[in-house]
Amino acid sequence: MGGFNEAHVRRVMWRAGFGATEHEAAKWAHRGRGETLRWLLSPNGREAPLLPGPKPMALDPANEYGHDVLWWMDRMVRTTRPLEEKMVLFWHNHFATRDQDTPLMLRQNAVFRRGALGSFPALLSNVMEDPAMGSFLNLIGSYKDEPNENFARELMELFTLGEGNGYTESDVREAARALTGYVEGKRAGGVLLTTRFEPKNHDGGTKRIFGHKGRFGPHDVLRLVVSNHHHPEFLVRKLWSYFVDEPLDKSTRLRLQRVYTGSQHHLKPVVAEILDHPKVYANFDGPSMVKAPVVAIAGMLRATRLGVKVDDWTWVTSGMGQTLFSPPSVAGWEWGPAWMSSNGMRMRFVAANVALSQPGLKVEDGDTPVDLKPAEQLSRAMAALGHPWASARTRKGLLALAKGYDAMAGQKWQRQVAADMTQRAMRHLLLSAPDAQVH
């Protein structure tokens with residue numbers, strides 16, 4: 001893969017986080033690829049401290065509309081474990097849950113964070129017993145006399161095996177029987193805190209799942225789906241596509257599957273293999289992985305040190321196609337080029353307007369020195385935005401823009417207007433043009 005430089009750092013920090021600040025790009029380029037990946041993959045489990053600044057606006061995620069979104073975006077901006085937080089977003093999409101009370105969704109978010117890079121079977125078990133998921137897919141209240149198939153079906157189709165892979169309708173029905181018995185557990189202040197398994201509500205009869213016969217219960221079902229031979233390929237493909245937009249070749253897939261099964265279904269070794277793969281670092285001159293809306297905004301707020309200071313980001317990201325804690329369905333969002341809809345792109349333009357109206361990025365009248373050459377104007381704009389990636393074609397276009405504004409200026413006051421307009425236009429285009437939407 002050659003040397004490890006700032007371009008490599010920025011690439012892996014976007015894929016495994018929310019972009020690199022100038023300081024991080026220089027620091028980790030100096031330390032090298034091995035140290036960078038070791039830091040990204042540092043132990044998880046205990047809650048990571050957040051960076052001290054920039055501090056967000058006052059947030060009340062459990063009670064104020066949209067503050068749950070802003071609270072999580074602030075974590076993305078200030079996290080000291082970017083890969084862990086990026087994996088929380090992965091699991092939020094993988095185990096997509098919506099339309100539940102905000103406290104329940106916040107508790108589920110914590111479940112994802114604790115298990116972000118740990119054991120997949122343990123995470124799956126915690127998700128099964130999570131009250132938000134139990135309510136959403138009707139696992140709570142599924143009793144032996146009338147088993148509900150929702151959780152059993154999505155467990156196989158979306159969570160572990162893939163649509164139609166290695167299971168039949170009979171397997172779904174039998175698994176639904178085995179999953180009966182969960183009821184509401186403890187409550188506090190009217191909010192459901194836990195689920196509880198009630199044996200008298202469980203179907204204790206013999207079931208047949210994937211050809212295996214037994215008096216299976218809920219945790220037996222999880223064991224059976226994870227041990228199904230279709231599961232390793234399903235999960236490593238999904239993890240690969242989250243970090244890499246190059247096709248997954250057969251030899252790499254088989255190696256990732258061996259790593260996954262050989263580690264007793266732990267996630268960190270698989271993600272480590274993926275992030276060390278040369279395809280992560282391909283196409284520096286033409287990246288094509290589209291940034292998800294919240295990733296694009298969090299990365300921008302992080303690089304510019306704006307932080308979460310206005311509540312506009314809730315409706316902006318929603319308009320871009322992604323409302324945190326409210327995926328469109330149990331299948332989650334459609335990722336990749338689907339983010340680049342006409343309305344989504346219009347809202348990415350609006351996002352730049354919101355960012356550039358805030359102190360720190362806003363160019364006031366008279367802010368820009370009038371004697372800057374086009375290349376100096378571009379350097380000034382790039383520095384203000386944390387040096388985002390821009391293609392040679394984009395840089396050439398921005399320099400031509402600066403020359404055009406400069407040519408229009410005659411008198412001294414016109415030169416000031418032209419200088420400020422150039423800086424505003426450059427900053428906006430660096431945030432809203434196509435280059436800013438990919439990594």
Side-chain angles (χ1 to χ4, degrees), residues 18 46-81 84-93 95-116 126-127 129-141 184-196 292-295 297-298 300-302 306-330 332-333 347 350-351 354-355 357-358:
F18 307 91
R46 292 178 291 113
E47 186 166 329
L50 299 180
L51 294 170
K55 292 287 179 128
M57 58 187 281
L59 296 173
D60 184 2
N63 298 299
E64 289 291 333
Y65 173 77
H67 280 207
D68 52 347
V69 172
L70 300 175
W71 170 85
W72 192 2
M73 289 185 67
D74 176 59
R75 292 195 66 91
M76 295 174 183
V77 171
R78 296 197 295 137
T79 181
T80 53
R81 291 185 194 150
E84 179 181 88
E85 209 61 40
K86 195 68 169 285
M87 288 301 297
V88 178
L89 183 60
F90 175 85
W91 296 123
H92 177 48
N93 183 70
F95 295 113
T97 309
R98 59 172 293 155
D99 301 328
Q100 305 304 307
D101 291 340
T102 300
L104 281 187
M105 296 301 294
L106 294 172
R107 288 173 64 85
Q108 185 189 73
N109 188 265
V111 168
F112 295 153
R113 192 166 290 105
R114 286 193 299 271
N126 289 333
V127 168
E129 297 181 348
D130 169 60
M133 177 61 78
S135 298
F136 181 55
L137 289 184
N138 308 109
L139 189 59
I140 296 174
E184 292 187 358
K186 295 180 181 178
R187 285 184 172 271
V191 176
L192 181 63
L193 299 179
T194 63
T195 62
R196 179 171 56 85
V294 296
V295 173
I297 298 301
M300 177 187 68
L301 297 178
R302 199 165 175 273
L306 279 182
V308 178
K309 299 292 179 63
V310 294
D311 58 12
D312 300 73
W313 301 121
T314 299
W315 61 264
V316 167
T317 52
S318 180
M320 290 166 69
Q322 190 172 33
T323 303
L324 293 176
F325 299 107
S326 188
S329 71
V330 70
W333 290 278
M347 290 304 297
V350 170
V354 173
S357 68
Q358 296 183 54

Does a side-chain N-to-carboxylate-O contact under 4.0 Å join E85 and R113? yes
Got [X] and [Y] here, is their nearest side-chain heavy-atom distance under 4.5 Å?
X    : Y    : result
L106 : F325 : yes
R78  : K55  : yes
V294 : W313 : no
T79  : E84  : no
L324 : W71  : no
F18  : V295 : yes
L192 : S135 : yes
V127 : W91  : no

If you compare all heavy atoms of [X] against all heavy atoms of [Y], which two are closest, and at what distance to 0.1 Å?
X    : Y    : result
A298 : M73  : N-CE, 4.3 Å
S329 : A96  : O-CB, 3.4 Å
V308 : V77  : CG2-CG2, 4.5 Å
M320 : A351 : SD-CB, 4.4 Å
G332 : N93  : CA-OD1, 3.4 Å

Look only at the side chain of H67 and the backbone of L59, and say whether a donor-acceptor pair between them is shorter than 3.5 Å. no
Before giving the answer on side chain to side chain donor-acceptor pair (under 3.5 Å), spell out for Q108 and T97 the whole-Å C-alpha distance, their side-chain angles and the decisive distance to 0.1 Å. CA-CA 9 Å; Q108 185 189 73; T97 309; 3.0 Å; yes
Would you check, one step at a time, whether the test side chain to side chain contact (heavy atoms under 4.5 Å, CB included) holds for D312 with Q358? CA-CA 11 Å; D312 300 73; Q358 296 183 54; over 6 Å; no
State which residues pass side-chain contact (heavy atoms from CB on, under 4.5 Å) with S318; sequence neighbours excluded, sorted by chain then number. T323
Could you label the plane-to-plane angle of the H92 and W72 rings as parallel, tilted or perpendicular, counting under 30° as parallel and over 60° as perpendicular? perpendicular
Could you go step by step and tell me if T80 and L50 meet the side chain to side chain contact (heavy atoms under 4.5 Å, CB included) rule? CA-CA 6 Å; T80 53; L50 299 180; over 6 Å; no
Can you name the side chain to side chain donor-acceptor pair (under 3.5 Å) partners of N126, sequence neighbours left out? none
